[in-house]
Amino acid sequence: MERVEVAVVGGGPAGATAAERAAAHGAETVLFEQGVPREDREGLGPDSTDAAGMLDYWIDIMDFDYAEIPDDVVLQELEGTEFVGPNSAVELTTTGMDASYPKFGYTFHRARMDDWLYERATDAGADLRVGTGVSDLETDLRSSSPKGPTHTLALSNGDRIEAQYVVLADGPQRRITLEALDQFTPPGRSIADALSPPTANHIAYQEYREFPEELFDSDWLKFWWGYMPGETAYPWVFPNDGTVARVGLTMPIGMELDDVDNPASYALLDSSDERLPSGSEYITRLLEHEFGDEYDIESDMPIVEDRGKSTGTETYPISSTRPIDSPVGANIAVAGGAMGTTSAFHEGGYHVAVRTGKIAGRLAATDSLEHYNDVWKRAIGDEIRRNVAFADIVADYEPDDWDRAFDIVTDMQGGSGENVLLNRTYAAGIGASKLLISYKKRKFAYRNDAYVQFDADDYLY
């Protein structure tokens, strides 16, 4: 049987950076990625669904110097973002966070970014096996290895491989993670209780559309809140290259129209609806709502079919829950979307995936994986805690709540600090004070790593 020091399951940003760091620290490292096709990539590659964008301080969380990221990865440098409510809107031109990147952020070409991470991993000496997936993982807790438990991975090609350490980075679908970790859960508990994809994820859909030049805003992101029902459900427009923009949305999995208390209050629902619209129908309604008076949507804003996963469209899961600790006593680390690090508030996860992957790979290669849970919390714990607190605050928001929130944020604009929402609170009045108090209470509730759903001490070995 083939044997390696570090096996990485999954080839997204967490997996690629784990493989790169492990190999760079001298470990014999292999990465397995089953691979998916894309219209804009030759052959199979990682599941490179285009990300929304990269905010300024996220680059620092990734532990990259922004100057080292290739120029062809960056599509549009951003000046800010606009949040649109049913009757109110707010523009933000700063994240309010200390950052080395000089602008608000940028949109980027996800496939090129992933390919760059692959080049780094290959250059470091990692063996990247795209097209080969992992079908099963078994852990030998009674291994005779002086470094503790070892693992046997069954591969999609019928082979088996033994590894001393495993980094699980199989994304929000968690095809291997759930069963692999359930080897160590107490009777009556399952990792699926925290990370089952249908309950722990949202579903996202987006289309690449060519915009008329006069409508294309190259340096702003735009979000519509309170236009469609569901916790953390919203459509967006992100500028790509030329005048191509990604128009997309995210929504809870399995939500039904009967679950909506007041469907008439949502601009993208119609009184004739017998069920919630599909992703493509939501996008058509959004574009009609915003531009239908002056433009024919299908002819003036056509789908660009040589982009995305399939003829200019993409559907993909997004982790939108709280993270778990890893069973490091079994020589296993879980990184990125697989562990639930993606923000439950804004569903940005590329930056924390990269950082957790880097940490897991380095610690596995240096026989220090027992420190993984502590190290990732020091690196991204503040980011997770902020996002979880905000997700709690807006969980039950309806259209009128978003209007009130945006009015408050408009009054709070200015200054600098932990977050724009917390600036100039007293000048903004009682509404801002209530928002600040609510945020601080939620954040305080998650002190001492309470945002973690499944603790390291809960595993049994």
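Side-chain contact between Y459 and I191: present, with at least one pair of heavy atoms (C-beta onward) separated by less than 4.5 Å. Residues P46 and V36 form no side-chain contact, since every pair of their non-hydrogen atoms from C-beta on lies 4.5 Å or further apart. Using a 4.5 Å cut-off on side-chain heavy atoms (C-beta onward), T342 and S320 make no contact. With contacts defined as side-chain heavy-atom distances shorter than 4.5 Å, the pair N373/S326 qualifies. Side-chain contact between P197 and L178: present, with at least one pair of heavy atoms (C-beta onward) separated by less than 4.5 Å. Counting heavy atoms from C-beta outward, E274 and L257 have side chains that stay 4.5 Å or more apart. Contact check for Y282 versus L269: side-chain heavy atoms found under the 4.5 Å cut-off. Looking at L268 and W224, their side chains never come closer than 4.5 Å, going by heavy atoms from C-beta outward.
A side-chain donor from one of H351 and E383 sits under 3.5 Å from a side-chain acceptor of the other. Defined by atom type and a distance below 3.5 Å, a donor-acceptor pair is present between the side-chain atoms of N262 and E398. Between E207 and Y205, the side chains place a donor N or O and an acceptor N or O closer than 3.5 Å (distance only, hydrogens not considered). In summary, the side chains of N240 and R209 do not present any donor paired with an acceptor at a separation below 3.5 Å, with no hydrogens or angles considered. A donor atom on one side chain and an acceptor atom on the other are not found under 3.5 Å apart for D193 and S190. With no hydrogens or angles considered, no side-chain donor-acceptor pair links R246 and T107 at under 3.5 Å.
A distance of 11.0 Å separates OG1 of T243 from CE of M301, quoted to the nearest 0.5 Å. The distance from atom OG of S218 to atom CG of D241, rounded to the nearest 0.5 Å, is 12.0 Å. Note that CG of N201 is 5.0 Å distant from OG of S319, once rounded to the nearest 0.5 Å. Going from atom CD of E68 over to atom CH2 of W116 covers 4.5 Å, rounded to the nearest 0.5 Å. With rounding to the nearest 0.5 Å, the separation of CG in L221 from CZ in F104 is 6.5 Å. We find the CG-CG distance between L75 and D71 to be 11.5 Å, quoted to the nearest 0.5 Å.
Taking the ring centre of F390 as origin, the terminal cationic atom of K443 falls outside the region bounded by 6.0 Å and 45° from the ring axis.
The closest donor-acceptor contact from the side chain of R322 to the backbone of F454 lies at 3.5 Å or more, if one exists at all. Proximity of a side-chain donor or acceptor of Y118 to a complementary backbone N or O of G11 within less than 3.5 Å is detected. R174 places a side-chain N or O within 3.5 Å of a backbone atom of L195 that can act as its donor or acceptor partner. R362 places no side-chain N or O within donor-acceptor distance of the main-chain N or O of R21, the cut-off being under 3.5 Å. Within the 3.5 Å criterion, the main-chain N or O of A389 finds no donor-acceptor partner in the side chain of D392. The closest donor-acceptor contact from the side chain of D458 to the backbone of D455 lies under 3.5 Å. Side-chain atoms of E82 do not come within 3.5 Å of backbone N or O of E91 as any donor-acceptor pair. S278 places a side-chain N or O within 3.5 Å of a backbone atom of E281 that can act as its donor or acceptor partner. Of the possible donor and acceptor atoms, none in the side chain of R120 sits under 3.5 Å from a partner among the backbone N and O of T17. A donor-acceptor contact shorter than 3.5 Å links the side chain of D325 to the backbone of A456.
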Candidate pair Y234 and Y397, rule ring-ring contact (aromatic ring centres under 6.0 Å, His included), full reasoning | CA-CA 12 Å; Y234 55 92; Y397 269 26; over 10 Å; no
When you look at T81 and W236, which way does the side-chain contact (heavy atoms from CB on, under 4.5 Å) test go after all the steps?
-> CA-CA 11 Å; T81 186; W236 65 70; over 6 Å; no
Could you walk me through whether R285 and D273 pass the salt bridge (charged side-chain N to carboxylate O under 4.0 Å, His left out) check?
-> CA-CA 13 Å; R285 292 185 185 186; D273 287 334; 2.7 Å; yes
Salt bridge (charged side-chain N to carboxylate O under 4.0 Å, His left out) between D114 and R110, intermediate numbers included | CA-CA 6 Å; D114 285 353; R110 169 70 186 270; 2.9 Å; yes
Applying side-chain contact (heavy atoms from CB on, under 4.5 Å), run through L460 and F184 and close with a yes or a no.
-> CA-CA 5 Å; L460 302 177; F184 318 110; 5.6 Å; no
Carefully, step by step, assess L137 and Q183 under the rule side-chain contact (heavy atoms from CB on, under 4.5 Å).
-> CA-CA 10 Å; L137 183 149; Q183 298 177 85; 3.9 Å; yes
Could you walk me through whether Y266 and Y227 pass ring-ring contact (aromatic ring centres under 6.0 Å, His included), step by step?
-> CA-CA 5 Å; Y266 293 95; Y227 276 64; 9.3 Å; no
Pair L287-H289, side-chain contact (heavy atoms from CB on, under 4.5 Å): steps then yes or no = CA-CA 5 Å; L287 295 176; H289 183 276; over 6 Å; no
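Salt bridge annotation for D115-R112: absent, with no cationic side-chain nitrogen under 4.0 angstrom from a carboxylate oxygen. Look at K103 and E79 and you find a salt bridge, because one of the NZ, NE, NH1 or NH2 atoms lies within 4.0 Å of a carboxylate O, short of that distance.
Among all heavy-atom pairs drawn from I203 and I253, the shortest one is N-CG1, 3.8 Å. Nearest heavy-atom pair across A194 and I324 is CB-CG2, 4.2 Å. When every heavy atom of L78 is checked against every heavy atom of P239, the shortest pair comes out as CD2-CG, 4.1 Å. Among all heavy-atom pairs drawn from A330 and T139, the shortest one is O-CG2, 4.1 Å. Shown here for L31 and A19, the closest heavy-atom pair between the two residues is CD1-CB, 3.9 Å. Looking at every heavy atom in both residues, S265 comes nearest to P399 through O-CG, 3.5 Å.
Relative orientation of the F83 and W225 rings is tilted, given thresholds of 30° and 60° on the angle between their planes. Under the 30°/60° scheme for interplanar angles, the aromatic rings of W376 and Y372 are found to be tilted. Relative orientation of the Y101 and Y106 rings is perpendicular, given thresholds of 30° and 60° on the angle between their planes.
By the neighbour-count criterion of 12 heavy atoms within 6.0 Å, atom CD of E179 is sparsely surrounded, having that number or fewer from other residues, nucleotides or ligands. Counting non-hydrogen atoms of neighbouring residues, nucleotides and ligands closer than 6.0 angstrom, the CZ atom of F444 reaches no more than 12 such neighbours.
F238 has its ring centre no less than 6.0 Å from the ring centre of F108. Ring centroid separation for the pair H151 and Y165 does not come in under the 6.0 Å cut-off.
Looking at K309, R307, E314 one by one, the single match for side chain to side chain donor-acceptor pair (under 3.5 Å) with Q206 turns out to be E314.
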